[in-house]
Amino acid sequence: MAIILNDFVKEVLTSPCYGFVCTINESNQPVMTRFFGFKYDDPLETLTVYTFKKDAQRVIDELSDSAKLAATVSNAMDFKTIQFKGTYQRHYDVADEEMNYARECNAKQVEIMAMFGISKEVFASWHFEPSVAISINVEEIFDQTPKVNAGNKIN
Amino acid sequence: MITEEMIPGMQGALPSALATVDESGTPNVSYISQVFYVDDRHVALSNQFFNKSLRNITSNGIATVNIVRPDNLKSWYLELKYKESKTDGELFENMKMQLDAIASMSGMEDVFKLHASEIFEVVKVDEVIMS
Amino acid sequence: MKAEIDNILDLIEHQKNVVTIIHEVSSKVNSSLDLDTIFNSVFNLLDRYFDFKHIMILLVDKEDPGQLKVAASHGYDGMGIGAAVPIGKGVIGIVAKNKKLLRLSNIRRDLNYIKSASASDIISIDLPGIENCASQLAVPLLIQEDLVGVISVESPDLNLFNKNDEELLEMIGVQIGIAINNARQFNIIEFTNAQLKDLNENLERKVKERTRTLAKQKDKIEVQHTLLEAQHAALEEEQNKTQKMLEKIETLFGQQVSKEIAQELVTMEGEIDSKLYDVTVMFLDIRDFTAFADSRAPEEVASFQNVVFGELLDIVREHKGITNQILGDGIMAVFGAPVTSNSHAFDAVTAGYAILDKVKELAEEGKIPQIRIGIGLNSGKVIAGNIGNARRKQYSLTGTTVIIAARIEQLNKVYKSQFLVSEEVYREIGKNRYTITELGDVELKGIEQAVGIYQLA
């Protein structure tokens with residue numbers, strides 16, 4: 001069930017954006033971690049987000065076959081935000097070619113953080129290696145831009 | 001629970017991720033501009049739009065929020081339990097003043113109104129692992 | 001651990017700067033009635049000690065009370081004095097409307113947020129301030145809870161101001177409120193003088209009137225001077241305390257000298273207005289305190305002060321008085337305000353005797369060294385009231401009555417006495433209750449008429 005991405009989603013995904021990925025633990029408490037990069041296919045079936053392994057462990061520990069995940073991507077400048085929801089597909093340590101791509105993603109985060117007034121030096125205190133990738137079978141996409149009635153389904 | 005060190009992460013310099021869960025057990029993540037410090041066991045969120053996150057919170061009372069210090073990026077996850085909605089008092093007035101000040105700069109004070117301050121108890125604090 | 005120590009050291013440094021700046025601002029307020037001079041020195045001090053680069057003071061527009069106008073600014077290239085802010089618009093306008101301070105950390109982002117979340121097009125309202133402002137702190141300027149203006153600091157940097165800056169700017173705000181109040185009172189007197197000048201054809205009378213008004217004004221400024229000097233002494237004491245703290249890295253904050261007054265005022269119901277009261281004013285001085293203090297260890301001096309002042313404050317309170325100022329070596333107390341009383345003179349006299357007895361008793365028990373104290377009392381009318389806002393109040397007394405009381409206390413040196421009162425007090429307390437020696441009419445410095453002085457001890 002691939003989802004055809006519309007212009008709005010593509011615009012947000014290619015803009016300077018940042019995100020969090022989230023699941024819930026056995027006591028129904030949301031558990032999340034920041035991701036510094038992602039990759040996706042178009043039409044969309046799988047969204048893969050890159051996270052810092054040490055902090056992502058709290059999320060990974062909760063990932064079983066049927067685990068539900070949400071990942072939100074937001075443009076740092078205009079607040080346009082989309083949220084992906086779906087189920088857990090797999091997770092793996094990022095290596096080789098893919099790690100090079102992930103490093104490029106992290107480098108882009110520098111400019112996003114600069115928009116928030118965070119310097120390169122300070123940004124470097126957020127380590128991202130070793131990285132772990134979390135892949136989600138995306139089922140739904142929502143427009144999460146803050147406004148009245150935010151949260152409309154896009155697909 | 002909330003230490004002095006965390007307070008700079010609660011002044012709205014960087015957006016905070018707010019994670020909730022709906023009745024079917026699906027997580028929901030959105031961004032909010034500020035988590036407000038109330039006291040060392042409580043925080044508040046502003047309710048301007050009645051959106052999904054707040055519907056989730058008020059139905060099951062559970063949320064996790066991420067706060068970040070802008071000076072050194074130290075961050076924390078706060079596990080929250082919903083307590084009550086306030087529409088008056090010093091905290092509400094202060095949050096309302098903030099919104100009024102910004103909205104009135106754009107002539108939007110009639111559109112952007114603070115409906116309520118939503119008060120949460122902090123039940124657990126986890127520091128984000130940075131390195 | 002190191003981070004904690006650094007934090008404490010930062011806090012101490014901040015506190016030191018606060019003490020210094022309040023000291024300097026209050027002495028400026030004391031020495032000048034020219035608001036521009038005062039505002040500019042406030043700006044320079046805030047820039048020097050706290051690195052505040054963009055500061056403005058706005059005052060409520062006299063012609064249109066629905067808006068504020070920029071009265072003075074610092075760090076705004078070419079920004080026009082007189083630029084207007086409607087009450088209720090923007091950070092400054094909202095602070096004015098609510099009469100409460102406001103601190104914002106990321107205004108740029110918040111504005112973007114409003115823009116992106118708005119369906120309709122946005123008009124941007126032109127308000128004075130820096131472009132690209134991210135952080136702003138604005139504090140209302142209040143006189144007796146009435147809004148007179150706003151002081152605002154801003155910066156293009158994120159998250160720049162904190163709780164300590166709020167407290168600092170509030171204290172500065174109180175001082176500016178005092179300055180504006182002083183200037184206004186002065187202007188009213190000036191205005192009255194001008195009217196008298198027009199109305200009065202008689203030159204002699206005119207000169208007389210004017211001289212009297214000016215003399216009153218001079219007296220008033222002298223009283224304010226006395227009060228501010230007392231404040232300075234208290235602040236210096238604070239500064240010494242801070243110094244000790246540095247050495248020990250112990251937290252000793254909170255022993256504010258004015259706590260006593262604050263407590264008294266907090267227990268009052270309702271507001272305390274500036275009004276005319278019939279009171280008895282007491283000045284008390286510990287003789288040769290400086291010599292005593294110099295010859296002892298600081299701990300001994302402090303313990304002596306704690307014992308003596310602790311007792312004095314209790315006695316004053318037990319006799320329905322309030323201690324208005326604590327100086328290093330003495331106190332000023334008032335009986336009959338803010339709660340009016342018919343027995344203020346009697347209360348003050350019995351309090352005076354009780355103090356003399358207590359000091360003697362403490363010395364006999366060996367709790368303090370043998371000391372001599374001097375007490376001066378005078379009864380009459382004073383203007384008393386609070387200047388400041390609900391959180392920071394300053395209860396001040398104004399009038400010749402206060403100056404005369406201070407001068408009478410000083411006469412103890414001349415007569416080698418301990419307890420002197422004016423004829424006004426003597427008349428109030430009745431002649432036969434005490435052993436009283438009449439010393440006759442005495443000329444007092446700065447007072448036109450000689451004052452009848454009586455020795456009670």
Side-chain angles (χ1 to χ4, degrees), chain A residues 18-25 27-34 52-59 62 66-76 79 81 83-87 113 115-119 121-129 139-140 142 144-152, chain B residues 12-33 46-57 59-81 108 111-113 115 123-124 126-131:
Chain A
Y18 59 95
F20 269 84
V21 59
C22 173
T23 189
I24 53 167
N25 68 15
S27 48
N28 225 22
Q29 187 76 39
V31 182
M32 59 180 151
T33 191
R34 191 181 77 89
F52 176 47
K53 192 173 181 179
K54 285 192 197 166
D55 193 65
Q57 199 59 45
R58 67 181 83 240
V59 174
E62 309 299 334
S66 58
K68 288 177 174 171
L69 284 158
T72 298
V73 172
S74 184
N75 179 313
F79 301 91
T81 305
Q83 179 168 212
F84 301 90
K85 287 192 181 179
T87 49
M113 287 299 139
M115 293 176 192
F116 288 121
I118 309 290
S119 72
E121 292 70 33
V122 172
F123 178 70
S125 51
W126 259 344
H127 290 226
F128 66 102
E129 292 188 69
E139 287 148 15
E140 295 172 299
F142 298 88
Q144 210 74 44
T145 308
K147 62 191 167 197
V148 180
N149 294 325
N152 285 333
Chain B
L14 289 170
S16 292
L18 169 67
T20 59
V21 54
D22 70 11
E23 25 338 314
S24 70
T26 306
N28 187 89
V29 191
S30 58
Y31 293 102
I32 52 175
S33 48
S46 73
N47 182 349
Q48 302 158 45
F49 314 116
F50 299 101
N51 59 22
K52 174 138 179 118
S53 303
L54 276 166
R55 276 203 305 279
N56 286 348
I57 290 166
S59 70
N60 62 23
I62 300 174
T64 302
V65 76
N66 170 267
I67 56 166
V68 186
R69 265 180 81 123
D71 55 345
N72 57 13
L73 294 183
K74 270 194 144 183
S75 1
W76 296 266
Y77 301 112
L78 313 184
E79 293 188 9
L80 307 180
K81 203 169 117 200
M108 299 298 281
V111 180
F112 289 85
K113 281 197 167 136
H115 296 300
V123 290
K124 191 173 168 220
D126 258 338
E127 193 170 333
V128 174
I129 303 166
M130 296 173 73
S131 60

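In what follows, every chain begins at residue 1, and chains take the letters A, B, ... in the order their sequences are listed.
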**Q** Using a 4.5 Å cut-off on heavy atoms from C-beta on, say whether the side chain of Arg58(A) contacts that of Ile129(B).
**A**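 Ile129(B) reaches Arg58(A) side chain to side chain.
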**Q** Against chain A, label Val68(B) side chain, backbone, both or neither, depending on which of its atoms sit under 4.5 Å from a heavy atom there.
**A**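 Just its side chain gets close to chain A.
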**Q** So do the side chains of Thr33(A) and Tyr77(B) get within less than 4.5 Å of each other, counting heavy atoms only?
**A**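 Thr33(A) reaches Tyr77(B) side chain to side chain.
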**Q** Mind checking the CE-OG1 spacing from Met32(A) to Thr64(B)? Nearest 0.5 Å is all I need.
**A**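 That separation rounds to 5.5 Å.
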**Q** Tell me, with the steps shown, if Lys68(A) and Val21(B) meet side-chain contact (heavy atoms from CB on, under 4.5 Å).
**A** CA-CA 10 Å; Lys68(A) 288 177 174 171; Val21(B) 54; over 6 Å; no
**Q** If every non-hydrogen atom of Ala70(A) is compared with every non-hydrogen atom of Pro27(B), which pair is closest and at what distance?
**A**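 Heavy-atom minimum between the residues: CB-O, 3.5 Å.
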**Q** Are Ser75(B) and Arg34(A) close enough, and set up right, to give a side-chain contact (heavy atoms from CB on, under 4.5 Å), and what steps lead you there?
**A** CA-CA 11 Å; Ser75(B) 1; Arg34(A) 191 181 77 89; over 6 Å; no
**Q** Among Leu80(B), Asp71(B), Ile32(B), Thr26(B), which residue has the highest count of heavy-atom pairs closer than 4.5 Å to chain A?
**A**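 Most heavy-atom pairs under 4.5 Å with chain A: Thr26(B).
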**Q** Nearest 0.5 Å, what's the CZ-OG distance between Arg69(B) and Ser125(A)?
**A**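 Separation between the atoms: 11.5 Å.
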**Q** Which atoms of Asn72(B) come close to chain A, meaning under 4.5 Å heavy atom to heavy atom: side chain ones, backbone ones, both, or neither?
**A**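 When you check distances to chain A, only backbone atoms of Asn72(B) fall under 4.5 Å.
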**Q** Can you tell me how far CD1 of Ile118(A) sits from CG of Leu14(B), rounded to the nearest 0.5 angstrom?
**A**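 Here the rounded value is 4.5 Å.
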**Q** So, Gln83(A) side chain and Val29(B) main chain: donor-acceptor pair closer than 3.5 Å or not?
**A**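 Yes.
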**Q** Rounded to the nearest 0.5 Å, how far does OG of Ser33(B) lie from CZ of Phe79(A)?
**A**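 Answer for the CZ-OG pair, Phe79(A) versus Ser33(B), is 7.5 Å.
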**Q** Ring centroids only, cut at 6.0 angstrom: are Tyr18(A) and Tyr31(B) within range, meaning strictly under it?
**A**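 Aromatic pair counts; centres sit under 6.0 Å.
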**Q** Thr72(A) versus Ser30(B): any side-chain heavy-atom pair under 4.5 Å?
**A**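 No. Closest side-chain heavy atoms not under 4.5 Å.
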**Q** Counting heavy-atom pairs under 4.5 Å to chain A, which of Asn66(B), Asn60(B), Thr20(B), Leu73(B) comes out on top?
**A**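 Heavy-atom pairs under 4.5 Å are most numerous for Leu73(B).
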**Q** Show the nearest heavy-atom pair for residues Ile24(A) and Gly25(B), with the distance to one decimal.
**A**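 In terms of heavy atoms, the two residues are closest at CD1-O, 3.3 Å.
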**Q** For the pair Phe52(A) and Val128(B), evaluate side-chain contact (heavy atoms from CB on, under 4.5 Å) and give the outcome as yes or no after the intermediate values.
**A** CA-CA 11 Å; Phe52(A) 176 47; Val128(B) 174; over 6 Å; no
**Q** Going through the checks in order, is the side-chain contact (heavy atoms from CB on, under 4.5 Å) test met by Asn28(B) and Lys85(A)?
**A** CA-CA 8 Å; Asn28(B) 187 89; Lys85(A) 287 192 181 179; 3.1 Å; yes
